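Here's the structure, in structure tokens; my notes come after.
Residue numbers count from 1 along this sequence. Computed from a predicted model, the values in this text were never measured in an experiment.
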Amino acid sequence: MSPPTSALEFLDFVNASPTPYHAVASAAALLDAAGFTLIKERDNWASTVKPGGKYYLTRNGSSVVAFAVGARWRPGNPIGMVGAHTDSPTLRVKPISKRTANGYLQVGVETYGGGIWHSWLDRDLSVAGRVLVREGQGEGNFVQKLVKVDKSVLRIPHLAIHLHRQTNFDPNKEDELLPIAGLAEAELNKAGGNENAEVQEGEFEPLRALPERHHPSFLTLVAEQAGVDVSQIIDFELVLYDTQKACLGGLNDEFIFSARLDNLNMTFCSIKGLISSVQSTALDNDNSIRLVACFDHEEIGSLSAHGADSNLLPAILRRLSVLPGCTTDSDRTVEELAASTAFEQTLSTSFLLSADMAHAVHPNYQAKYERNHTPAMNKGPVIKINANQRYATNSPGIVLIQEVARQTKVPLQLFVVKNDSPCGSTIGPMLSAKLGVRTLDMGNPQLSMHSIRETGGSRDVEYAVRLFEGFLSRFGDLEGRILID
């Protein structure tokens, strides 16, 4: 059986998205192609956002929120939401990365998130991210350019087994995760590589010049990818990524072998689910708003201006909750009175699916799993439950998503951790607490979570897209049937 088209589309998405900035750009390309209109937080939406319209916005270039407004929307009506995140554990280039040792050029890196760091050794690595450059003459403007170096330029080599006979290997994150980028001799012999060039008289730079902080050859490579001169680069945020592309695997293409399944799999599925919902179910008779929010910085706690623990989603919901509906003049006075409490009304009737990847049972470590809760790949999305509220799922939420799954013919699975095992968390509990919105945690099952190379099920992509499509298009009708005050 051939894999679903959505699985192949996901491969293209994840291969183009080595960083949150690229993931947002990839999501924006999908939304643009589907007829969504780009809007900005800094603008007034009064004359732009209308019932029946489709819109999206970004924050910091690393978080994206997209929504479609039902034509029958009224202030205070419900919003069906899917939340995901765009970031994954990685190694980030330090602000001063220039290192040398024993004739090797090295690049200083900082760990981001809780990665399985030994999986990064002996991989073909490169760099990607965003570069802030000065455009034009004189003062000029500062603009962001995305870069993705497609060649393998970095590697973190293992120590030979002859020199390390211990059975356990846990590299020191400061000293033993340094990638090598080349040989120092080649850098010294490179024409124009004068690292001691003096600053011209009269110039003042508050920070050390970039060629003093990073290897000149490294800067040249980044500048070439950005299409600018090194002198135009003011700063950058770059991370390492594995140059091996994501692919289908297994005897029958039942697997996806990929970096960043956690959580670009859910980012892709939620965006595709929203797009599919407006293509399959018109907004004409919908009284709700269908919304997807993909946040940055979940892997480090979400406490940032563009993370889930920011004002991003509350601010957008507040603006949308008072959005005027398509009313007659006789309705307008009632609607204006309702607008004063519309935000609170919307929160009490809305619902959030917190979409983050789940653990599939590992055949070599069955004892690590609760014996009656062993999710399998290609058997559908996993509902995640935790009595201590590490996940926000409760029974009304299970009833709702089960009804959506029944109508869309998507199988579901259940997962809880063992009592003697720690439990991770998601954006679900924090957004549920912040907003008071009913929430359910779920995600596709995978193996090797937080490794540089993870494994998921190819058919689960289609299941998740279909489930999100069904949830977003049907929530306006289902909401009133499952409401417990």
* Asked: Between the side chain of S126 and the main-chain N/O of K151, is any donor-acceptor distance below 3.5 Å?
  -> yes

* To do: Please confirm whether the backbone N or O of F295 pairs with a side-chain atom of E298, one donor and one acceptor, at under 3.5 Å?
  => no

* Take the angle between the ring planes of W117 and W120 and call it parallel below 30°, perpendicular above 60°, tilted in between. => tilted

* To do: Taking all heavy atoms of A342 and all of V322, pick out the closest pair and write down the distance.
  => CB-CG1, 3.9 Å

* F236: partners by ring pair (Phe, Tyr, Trp, His ring centres under 6.0 Å), with sequence neighbours left out -> H214

* Asked: Between atom CG of L478 and atom CZ of F471, what is the distance when rounded to the nearest 0.5 Å?
  -> 9.0 Å

* Over all atoms of both residues, closest heavy-atom pair of I452 and A259 -> O-CB, 3.3 Å

* Considering the options L248, L447, T455, which one meets the side-chain contact (heavy atoms from CB on, under 4.5 Å) requirement together with F255? -> T455

* Asked: Between L313 and A293, which heavy-atom pair has the shortest distance, and what is it?
  -> CD1-CB, 4.4 Å

* Polar side-chain atom of R438 near backbone of T349 as donor-acceptor pair, under 3.5 Å -> yes

* To do: State plainly whether the residues K94 and E110 are in salt-bridge range, i.e. N to O under 4.0 Å.
  => no

* Which atom of I383 lies closest to which atom of L412, heavy atoms considered -> CD1-CD1, 4.0 Å

* Asked: Quick one: is the NZ or CZ of K54 closer than 6.0 Å to the six-membered ring centre of F36, and within 45° of its axis?
  -> yes

* **Carboxylate-amine/guanidinium proximity below 4.0 Å for E9 and K272** => yes

* To do: Please test H450 against D262 for side chain to side chain donor-acceptor pair (under 3.5 Å), starting from the C-alpha separation and ending with a verdict.
  => CA-CA 7 Å; H450 287 197; D262 177 20; 3.0 Å; yes

* Polar side chain donor-acceptor pair, N444 to R459, under 3.5 angstrom -> no

* Side-chain contact, heavy-atom cut-off 4.5 Å: Y241 with T90? -> no

* Asked: Once you round to the nearest 0.5 Å, how far does CG of L264 lie from SG of C294?
  -> 9.0 Å

* Asked: Does a side chain donor of either T439 or S354 reach within less than 3.5 Å of an acceptor in the other side chain?
  -> no

* Non-hydrogen side-chain atoms of L467 and T408 separated by less than 4.5 Å -> yes

* Asked: Is there a salt bridge (Lys or Arg N to Asp or Glu O under 4.0 Å) between E403 and R406 once you walk through the steps?
  -> CA-CA 5 Å; E403 183 64 16; R406 184 186 64 79; 2.5 Å; yes

* Ignoring hydrogens and angles, state whether a donor on the side chain of S302 or D309 is under 3.5 Å from an acceptor on the partner side chain. => no

* Give me the one residue out of V65, T58, V49 that meets side-chain contact (heavy atoms from CB on, under 4.5 Å) with I39. => V49

* **Non-hydrogen side-chain atoms of F268 and V461 separated by less than 4.5 Å** => yes

* Main-chain N/O of K384 paired with T393 side-chain donor or acceptor, under 3.5 Å -> yes

* Asked: Is it true that atom CG of N419 has more than 12 heavy atoms of other residues, nucleotides or ligands lying nearer than 6.0 Å?
  -> no

* Quick check: does any side chain N or O of S432 sit under 3.5 Å from a backbone N or O of P429, one acting as donor and the other as acceptor? -> no

* To do: Determine yes or no for a side-chain-to-main-chain donor-acceptor pair under 3.5 angstrom, with N263 supplying the side chain and S88 the backbone.
  => no

* Please determine, by modelled atom types, if R130 and Q144 share a side-chain donor-acceptor pair under 3.5 angstrom. => yes

* Asked: With a 3.5 Å cut-off and no angle check, do the side chains of D441 and T426 form a donor-acceptor pair?
  -> yes

* NZ or CZ of R318 within 45° of F343 ring axis and under 6.0 Å -> yes

* **Whether S448 side chain and S451 backbone form a donor-acceptor pair below 3.5 Å** => no

* To do: Report yes or no: do Y21 and E237 form a side-chain donor-acceptor pair below 3.5 Å?
  => yes

* Test S17 against S26 for side chain to side chain donor-acceptor pair (under 3.5 Å), laying out the working first. => CA-CA 7 Å; S17 307; S26 296; 2.9 Å; yes

* Atom CG of L291 and atom OH of Y55: how far apart are they, to the nearest 0.5 Å? -> 13.5 Å

* **Straight-line distance of L317 CG to N311 CG, nearest 0.5 Å** => 11.0 Å

* With sequence neighbours excluded, residues passing side-chain hydrogen bond (donor to acceptor under 3.5 Å, both in side chains) with S6 -> E462

* Asked: Should we count NZ of K418 as having more than 12 external heavy atoms under 6.0 Å?
  -> yes

* Asked: Is any side-chain heavy atom of I427 less than 4.5 Å from a side-chain heavy atom of D356?
  -> no

* **Inter-residue atom distance M449.CE - H362.NE2, 0.5 Å rounding** => 12.5 Å

* Okay, side chain of N252, backbone of E254: is any donor-acceptor separation there less than 3.5 Å? -> no

* Asked: Which pairs with one or both residues in residues 369-413 pass ring-ring contact (aromatic ring centres under 6.0 Å, His included), sequence neighbours excluded?
  -> none

* Using modelled atom types only, decide if a donor and an acceptor are shared between the side chain of T267 and the backbone of H85 within a distance under 3.5 Å. => yes

* **side chain to side chain contact (heavy atoms under 4.5 Å, CB included) assessment of R290 paired with M81** => CA-CA 6 Å; R290 312 170 189 181; M81 299 175 281; over 6 Å; no

* Asked: Does NZ belonging to K148 count more than 12 external heavy atoms closer than 6.0 Å?
  -> yes

* To do: Indicate yes or no: does R474 engage E469 in a salt bridge with an N to O separation below 4.0 Å.
  => no

* To do: For A68 and V278, work out which heavy atoms get closest and say how close.
  => CB-CG1, 3.6 Å

* Flag for D87-Y112: side-chain donor and acceptor within less than 3.5 Å -> yes

* Asked: Which atom pair, heavy atoms only, marks the closest approach of P51 to G70?
  -> CB-O, 3.6 Å

* Structure fact -> d(L57 CG, E41 CD) to nearest 0.5 Å is 5.5 Å

* Asked: Sub-3.5 Å donor-acceptor pair from the side chain of S62 to the main-chain atoms of P20, do we have one?
  -> no

